[in-house]
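Letters A, B, ... mirror the listed sequences (proteins, then strands); counts begin at 1. The structure presented is a predicted model; accordingly, all values stated were derived computationally and were not measured.
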Number of protein chains: 2
Amino acid sequence: MASSRGRIDKRQAILDGAFTVFARQGYAQACVQEIANEAGVAKPTVYNHLNDKATLFRHAMQAAAQTALHQRLAALEPLADPDPDLRVTLEDVGHRLLRLHTDDRSCALRRLLYSEITQFPDFLDIVTESGPHRLNQALADRLARLTLAGHLRATDPDQAAEQFMALLTGPLEARTRMGTRQIGDAELHEITRAAVRTFLHAFGTADA
Amino acid sequence: MASSRGRIDKRQAILDGAFTVFARQGYAQACVQEIANEAGVAKPTVYNHLNDKATLFRHAMQAAAQTALHQRLAALEPLADPDPDLRVTLEDVGHRLLRLHTDDRSCALRRLLYSEITQFPDFLDIVTESGPHRLNQALADRLARLTLAGHLRATDPDQAAEQFMALLTGPLEARTRMGTRQIGDAELHEITRAAVRTFLHAFGTADA
DNA sequence: ACTAGATTGAACCAATGAGTTCAAAACAGT
DNA sequence: ACTGTTTTGAACTCATTGGTTCAATCTAGT
């Protein structure tokens, strides 16, 4: 078989370990030997599964972006069946998104994207296909439905989605010191409530 | 004298060239020889002014952050003497801020901060002293004055400033593909108008 | 013109790390 | 037990690069 089902699938362990080490050290500073150690595997095994350091990096990032996207899409779920009081649903979704956005792996992924996007132009695809774009699209869909149902007043759902995300994640950059400091759940709730408040000021209907 | 006023101050040329190369290659990939070339200077001269690569990097980043901060503070100036129609002043300021935020050097600075902040913990000071924090503070001051004057309704000026910046710069991350693509002035204006609209929905008074 | 300090180019040293080779060992399926 | 594939560890090659040394050259100020 092409994929070695022998052992407990080393490949996945390698990709996981790779992302961990890349997240900790950055691409250039991370050495393959350390990745092998982290994955509990010998160095030649790494090169046996992935051709070279660059493709190793690419695959690790791809995988991380995939799972991050799925998590964030799942966080939107409550919007499919919203509470009569839209505010509580928005705050719920907002809080989930913030929790994911401040997650360690998430922060590392964003840091690595920012730092290596010039050296790895293919990461642009990750951004559009598994990144903010997709999430914005899904959120815009939900907001459009809510507008049709008369619970919202978003003439341009894409823009509304964009601003909702901006109000949520914008304040994080400064407060988390660019993702280096974890911030408490209380502060997260505070940000969420503020974001939802101004969002509803701009796009809410009478039933707020 | 301590500072060599001989020649046309090589030191500045070195710092500028260093930032240029670091911006293009990243910290690890940038080699000192190339920095020397970019600055039109010999390699030992670089080590003559800065002890090693790390301090060279630190000083270059520090300088870049300084100028970026000054530019952005200057962009707030119209708020000191606002137009009777507050909307036009806010759109003016917003547009200036966006222009600065999407500037090449600015994007590079942000990218480098994100990528190396784990290896260079002292950059946290840059973020707080010359980064978003200072800008937020200055903006909050202006908004507080406007609230006192009855032109605005911002009970928590810090939060209002935070959200104003978020509405402006949040959409950029996705639209500029994490700072790799320049976006046209028209699109910038569109973002600004949308941001100011929702900001005034949330914090504006009757005279909008 | 003279001197002291800065600059230059080139060569050099040492460390690091990517990627390979290879023989020995471990494993999976039969 | 047998066989073919995979893994392992260790050693090895080779290119890059940070940082230094040094003698020759340049510049500024006197």
Side-chain angles (χ1 to χ4, degrees), chain A residues 1-62 112 115-116 118-120 122-123, chain B residues 1-62 112 115-116 118-120 122-123:
Chain A
M1 301 302 161
S3 63
S4 76
R5 285 287 176 270
R7 299 294 181 87
I8 327 108
D9 236 7
K10 308 266 182 191
R11 189 188 169 93
Q12 195 55 40
I14 292 175
L15 288 181
D16 283 1
F19 184 79
T20 306
V21 175
F22 283 135
R24 195 191 317 141
Q25 311 264 25
Y27 174 70
Q29 301 293 332
C31 76
V32 177
Q33 181 62 60
E34 188 176 351
I35 291 176
N37 293 344
E38 180 80 27
V41 142
K43 188 160 72 141
T45 308
V46 175
Y47 285 101
N48 194 18
H49 285 269
L50 288 312
N51 284 334
D52 55 13
K53 193 183 178 185
T55 61
L56 171 59
F57 187 45
R58 267 186 267 266
H59 281 98
M61 293 288 281
Q62 195 86 40
L112 286 171
S115 54
E116 308 299 342
T118 54
Q119 316 292 325
F120 292 84
D122 17 340
F123 285 176
Chain B
M1 302 302 162
S3 63
S4 75
R5 285 287 176 269
R7 298 292 182 87
I8 327 108
D9 236 8
K10 308 266 181 191
R11 190 187 169 93
Q12 195 55 41
I14 292 175
L15 288 180
D16 283 1
F19 185 79
T20 306
V21 175
F22 283 135
R24 195 192 317 142
Q25 311 263 27
Y27 174 70
Q29 300 293 330
C31 75
V32 178
Q33 181 61 60
E34 188 176 351
I35 291 176
N37 293 343
E38 179 80 26
V41 143
K43 189 160 69 141
T45 308
V46 174
Y47 285 100
N48 194 18
H49 285 269
L50 287 312
N51 285 334
D52 54 12
K53 193 183 177 186
T55 61
L56 170 58
F57 187 45
R58 267 186 267 266
H59 281 97
M61 293 287 282
Q62 195 85 40
L112 286 171
S115 54
E116 308 299 342
T118 53
Q119 316 293 324
F120 292 83
D122 16 339
F123 285 176

Asks: Between C1' on dT16(D) and CD on Glu34(B), what's the gap in Å once rounded to a whole number?
Replies: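 That distance rounds to 13 Å.
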
Asks: Quickly work out the Asp9(B) CG to dA28(D) C1' distance and round it to whole Å.
Replies: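 These atoms are roughly 14 Å apart.
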
Asks: How bent is the helix from dA1(C)-dT30(D) to dT30(C)-dA1(D), measuring the angle between the end axes built from five pairs each, rounded to 10°?
Replies: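 The angle, to the nearest 10 degrees, is 30°.
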
Asks: Rounded to the nearest Å, what distance is computed from the CG atom of residue Asn37(A) to the C1' atom of nucleotide dA10(D)?
Replies: 14 Å

Asks: Output, in order, the C-alpha distance, side-chain angles, deciding distance and verdict of side-chain contact (heavy atoms from CB on, under 4.5 Å) for Glu34(A) and Gln25(A).
Replies: CA-CA 10 Å; Glu34(A) 188 176 351; Gln25(A) 311 264 25; 3.1 Å; yes

Asks: Want to settle it: does Asn51(A) or Gln29(A) sit nearer the 5' end of DNA chain C, counting the closest nucleotide to each?
Replies: Gln29(A)

Asks: Could you check how far CD1 of Ile35(B) sits from C1' of dG18(D), rounded to whole Å?
Replies: 11 Å

Asks: Does any N or O donor sit under 3.5 Å from an N or O acceptor when you compare the side chain of Lys43(A) with the base of dG9(D)?
Replies: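 No such pair is found, so the answer is no.
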
Asks: Rounding to a whole Å, what distance do you find between Leu50(B):CG and dG19(D):P?
Replies: 11 Å

Asks: Determine: side-chain N/O of Thr45(A) to OP1/OP2 of dT7(D), distance under 4.0 Å, yes or no.
Replies: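 Looking at the OP1 and OP2 atoms of dT7(D), neither is under 4.0 Å from any side-chain N or O of Thr45(A).
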
Asks: Looking only at side-chain N and O atoms, does Thr45(B) offer a donor or acceptor that is under 3.5 Å from a partner on Asn48(B)?
Replies: no

Asks: With under 30° as parallel and over 60° as perpendicular, where do the rings of Phe22(B) and Phe57(B) fit, or are they tilted in between?
Replies: perpendicular

Asks: Kindly say if Lys10(B) contacts the phosphate of dC26(D), meaning a side-chain N or O under 4.0 Å from OP1 or OP2.
Replies: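 For dC26(D), OP1/OP2 do not have a side-chain N/O of Lys10(B) under 4.0 Å.
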
Asks: Looking at side-chain heavy atoms only, is the closest gap between Leu56(B) and Asn51(B) below 4.5 Å?
Replies: no

Asks: Hey, does Ile14(A) have a side-chain heavy atom less than 4.5 Å from the side chain of Arg11(A)?
Replies: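 Side chain of Arg11(A) against side chain of Ile14(A), heavy atoms only: no contact under 4.5 Å found.
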
Asks: Distance check needed: dT7(C) P versus Arg11(B) CZ, whole Å only.
Replies: 11 Å

Asks: Just wondering, do Val32(A) and Tyr47(A) contact through their side chains at under 4.5 Å, heavy atoms?
Replies: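 A side-chain contact under 4.5 Å exists here.
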
Asks: Determine whether Phe19(B) and Leu112(B) satisfy the following criterion, side-chain contact (heavy atoms from CB on, under 4.5 Å), listing intermediate values before the conclusion.
Replies: CA-CA 10 Å; Phe19(B) 185 79; Leu112(B) 286 171; 4.2 Å; yes

Asks: Reading DNA chain D from 5' onward, which residue's closest nucleotide shows up sooner: Pro44(B) or Tyr47(B)?
Replies: Tyr47(B)

Asks: Looking at dA6(C), I'd like to know if its phosphate oxygens (OP1 or OP2) sit under 4.0 Å from a side-chain N or O belonging to His49(B).
Replies: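 Result: no.
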
Asks: Can you tell me how far P of dG9(D) sits from CG of Asn48(A), to the nearest Å?
Replies: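 Result: 15 Å.
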
Asks: Ignoring the backbone of Val41(A), work out which of dA6(C), dT8(D), dT17(D) is nearest its side chain.
Replies: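 The listed nucleotide nearest to Val41(A)'s side chain is dT8(D).
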
Asks: How would you label the contact of Ala30(A) with the nucleic acid (heavy atoms, under 4.0 Å): base, sugar-phosphate, or nothing?
Replies: sugar-phosphate

Asks: Starting at atom NZ of Lys53(A), determine the distance to atom P of dT16(D), rounded to an integer number of angstrom.
Replies: 15 Å

Asks: Where each residue is assigned the nucleotide of DNA chain C containing its nearest heavy atom, which of Asp52(A) and Ala42(B) is assigned the position nearer the 5′ end?
Replies: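 Result of the comparison: Ala42(B).
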
